[in-house]
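As the structure is a prediction and not an experimental result, all values here were calculated from the model. We're numbering straight along the sequence, starting at 1.
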Amino acid sequence: MIRSSAMRISVPSSRRSESDSHINPDQDPATNLGASRAARAVGGMGIFWAGATPRTHPVVEHIPFVDGDELSRLYGVAEKLLHTTTSAYEMSVQGRVVTERLNEAGYQVRQLPLAVERLSVDPPRVHWSGPEIILKGGDRNAPSVADDPRFTLLPEHLCTALVHSGRQVTGAVVRDLATGAERTLVADTFVVACGSVLTPQLLWASGIRPDALGRYLCEQTMATCQVALSDDLASRLDDGPNVVEPNLWIPVAEGRPWHAQLHRGIFGYAAVPDGVDRRTVTDLVWFSTCDVRRENAVTFSDRVADPYGLPQPTFHFGANVADRARADDMVTDMAKAATALGKFLPGAEPAFLEAGFALHITGTTRMGADARESVVDPYAKVWGLDNLYLGGGGVIPAGVACNTTLTSMALAVRTAEAIAAG
């Protein structure tokens, strides 16, 4: 795992840095996504993922270029592959108490869709979905695609470049990170899904540089707080040793363009002080999107390298007036929900988190109908190349407030179906 904030770099001998302190000389701290991360691991961003798989709102988070009925079908396929459920935490007494109180306050609280399987309640055990579940079609007891002799996984390998000529990608250069040896893999069709920063980085390094590459970057504004439930709510909780925590959400709605989650200890934003009954503590996490703007972008250097020798990313991201107003309204809403439940824990009052913390970057390889304003067509094929497709959150062409994994996978299913159809 490396930090993808465009602030920490190491420089191989083939490239030189303008700074001896290994700080990206091109990064303006005011426009950085300082809390962002990129994963270089089997399973990709799944190592950061909390398993939330909500669908987007059809109006507020509208995904253009995909018909609504088709998108619903694709979501269904993706939910099956991820073993999405809303029942794994429905037995949580804290969840029921929180839901009832917030619904009385005018909210519409639901069980958060999660990629998880409940194994037992006492003790509370679950099996979270990961690549092995996807490769088994969403059933952990089913045979895995990875067992097919036609499937080959190359762990500890890094793709450093795509070789292309005319309208064809002819090979992918990969480096064995253990030995340093390089080889070129040949295929009829290539799919790049390295995340919203590393995918455009690889294209840039390969000389594939459409005008929109890295542009139209959206990232969510994220705010959080922690509350201890009021005495009347706390008196209704279980007092046994095996307490199932809540996993709740308040979906995006028209007039309320932010996504909300209520759970316990998922990210560990603040330690629970001594003397506070941990059963009563609830984390509130609210996400608001940003407007889609071309100037919000990640660019790549031709003179400074990242720790793997690829072009160093630099972020140019800022909020406009509408983004700030939306974020302020969101935090006001979060504080209203929190005070309906109880009191803030000391040091865990409502606060914005550092830019990039959500890890929900979209738009950097966006799909579209116009090659001047997008990187891929509506089936995620790169403009100007006949056999190169992209996957991941960067393909999402709209600013969304909810978690991006399910939408990314739904669009990937659409792309896979198009490839299979020839």
Side-chain angles (χ1 to χ4, degrees), residues 1-29 31-41 44-45 157-165 169-177 180 182 184-185 190-217 219 294-317 355-356 359 361-366 374-376 382-385 388 390-395:
M1 178 173 64
I2 67 167
R3 187 176 175 93
S4 178
S5 66
M7 292 298 290
R8 296 291 300 175
I9 62 171
S10 63
V11 185
S13 58
S14 60
R15 293 184 182 179
R16 295 180 61 86
S17 170
E18 296 180 358
S19 170
D20 293 333
S21 63
H22 303 291
I23 299 299
N24 179 6
D26 299 325
Q27 182 64 65
D28 179 353
T31 63
N32 195 16
L33 291 178
S36 189
R37 301 289 188 274
R40 299 180 187 266
M45 291 298 287
H157 280 68
L158 173 72
C159 185
T160 60
L162 301 172
V163 182
H164 54 98
S165 177
V169 173
T170 58
V173 180
V174 298
R175 180 195 309 153
D176 186 328
L177 296 178
E182 290 192 345
T184 300
L185 306 180
F190 294 82
V191 179
V192 175
C194 310
S196 296
V197 174
L198 302 187
T199 292
Q201 181 193 53
L202 178 60
L203 266 61
W204 183 271
S206 305
I208 302 171
R209 302 178 177 183
D211 288 343
L213 188 69
R215 299 286 174 181
Y216 302 100
L217 185 158
E219 174 59 306
R294 181 180 175 87
E295 58 266 33
N296 278 339
V298 56
T299 59
F300 302 94
S301 176
D302 286 323
R303 55 188 179 80
V304 180
D306 74 2
Y308 291 87
L310 291 169
Q312 173 68 31
T314 298
F315 290 106
H316 313 269
F317 181 81
L359 300 178
I361 295 175
T362 61
T364 53
T365 54
R366 71 197 304 251
S374 58
V375 176
V376 299
V382 175
W383 294 108
L385 292 166
L388 177 60
L390 306 184
V395 172

Take Thr299 and His316, measure what side chain to side chain donor-acceptor pair (under 3.5 Å) needs, and give me the verdict at the end.
-> CA-CA 8 Å; Thr299 59; His316 313 269; 2.7 Å; yes
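Counting heavy atoms from C-beta outward, Phe190 and Leu185 have side chains that stay 4.5 Å or more apart. When side chains are defined from C-beta on, Phe300 does not count as touching Leu310, because their heavy atoms never get closer than 4.5 Å. Between Phe315 and Asn32 the shortest side-chain heavy-atom distance falls below 4.5 Å. Using a 4.5 Å heavy-atom cutoff, the side chains of Ile361 and Leu33 are in contact.
Of all the heavy atoms in Ser196 and Gly394, the pair that sits closest is OG-N, 3.0 Å. Pro313 and Val197 make their closest contact through CB-CG1, 4.1 Å (heavy atoms, listed as atom of the first residue, atom of the second, distance). Heavy atoms only, all atoms of each residue included: Pro200 and Gly195 are closest at CD-O, 3.9 Å. Nearest heavy-atom pair across Gln201 and Asp306 is NE2-OD2, 2.9 Å. Here the closest non-hydrogen pair linking Ala297 and Arg294 is CB-O, 4.2 Å. Summarising the geometry of Pro210 relative to Val375, their closest heavy-atom pair is CG-CG1, 4.0 Å, with the distance given to 0.1 Å.
Note that NE2 of His164 and CG of Leu385 are 7.0 Å apart. Values are rounded to the nearest 0.5 Å. Going from atom OH of Tyr308 over to atom CZ of Arg40 covers 5.5 Å, rounded to the nearest 0.5 Å. To the nearest 0.5 Å, atom CG of residue Leu202 and atom OG1 of residue Thr365 are 11.5 Å apart. Taking CG of Leu203 as the start and SG of Cys194 as the end, the distance is 9.0 Å to the nearest 0.5 Å. Note: Ser374 OG to Asp211 CG = 10.5 Å, rounded to the nearest 0.5 Å.
Within the 3.5 Å criterion, the main-chain N or O of Leu217 finds no donor-acceptor partner in the side chain of Thr364. With Ser206 contributing its side chain and Ala161 its backbone, the two residues share no donor-acceptor pair below 3.5 Å. Of the possible donor and acceptor atoms, none in the side chain of Ser301 sits under 3.5 Å from a partner among the backbone N and O of Gln312. The closest donor-acceptor contact from the side chain of Arg209 to the backbone of Trp204 lies under 3.5 Å. Without hydrogens or angle criteria, Glu219 side chain to Leu359 main chain gives a donor-acceptor distance under 3.5 Å.
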